[in-house]
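To start, the structure itself, in structure tokens.
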Amino acid sequence: MKFIKWIGGGLFPENYTCGLCGREIFGQKGLCAKCAAKVTMNDGATCPVCGRKTATDSLCLECKQNAPVFAKAVSAIVYKEGGTRLIYKFKRGGAHLKDYFADLLSGKCAQFSDADGICFVPMSPKDKLKRGYNQSELLARALSERLNIPVLEGALKKVKKTAQQKRLTRQERAENLRAAFKADREVVKGKTLILTDDVMTTGTTAEVICTELKKRGAEKIYFVTAASVEYIPPLAFNPIMA
Ligand SMILES: [Zn+2]
Ligand SMILES: [Zn+2]
């Protein structure tokens, strides 16, 4: 893994090229101005629980109706337009983007200073080998350096391959995922945890893994992602339409 990490770092020196288009930039880290304009930061009004961008700072309807298993979630950017491309790149060859995201997230995670350790959504060893790295793990390690909170090795394992999720309903997705992840009680029992992943879309993965962590004795979980989708309220609940 070290070798692959070294290659990734060598091909994309983060100080000299834009993390998204690869164009040379000077004297700054991250994205060139053109790409930065296409990425929406997940700042301003967000749901205080799931952390998704909202129209107002109040609890989103989904969190109101069904409190998530995690205590609170934050994410760096909005999963749309340039943000979607950035996440795609982070998963395929753009390992260096871990620092871009961790820099954006470290301030937001200061409120999670009571966490005992960081764990990440695992990949099967086969998938990790194929991709060269697990981007959620890279994010966990980059955050660990900045927050001074250790990564809990072996906290979670992927024990079963997950079938294609695209055509499944929310319920079927959860069923499909439930048996795929196992947490180690010895590692997580009694702990307050930060769990990292690349994206939060439906929140199903977070829900399933946080349920498993709690089942194995985890006390409290904060969920941290590089990106999350914007929360769009159903039309009937849109105050402008009502
Ligand atoms: Zn660029
Ligand atoms: Zn919410």
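Predicted, not measured: the structure shown is a model, and the values here were computed from it. By convention here, the first residue in the shown sequence is residue 1. Counting starts at 1 for both ligands and their atoms, in listed order. What you see below is based on every heavy atom in this structure, not just the backbone, and it leaves out hydrogens, waters and symmetry mates.
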* Pair Lys220-Tyr222, side-chain donor/acceptor within less than 3.5 Å -> yes

* Angle in degrees, rounded to 10°, that SG of Cys35 and SG of Cys32 form at the Zn ion (ligand 1) -> 100°

* **Salt-bridge contact Lys80-Glu230 (side-chain N to carboxylate O under 4.0 Å)** => yes

* **Glu137 with Arg141: basic N within carboxylate O range, under 4.0 Å** => yes

* Parallel, tilted or perpendicular, as decided by the 30° and 60° cut-offs, for the rings of Phe90 and Phe101 -> tilted

* So what does the Cys47 SG - the Zn ion (ligand 2) - Cys63 SG angle come to, to 10°? -> 110°

* At the Zn ion (ligand 2): angle between Cys60 atom SG and Cys50 atom SG, to 10 degrees -> 110°

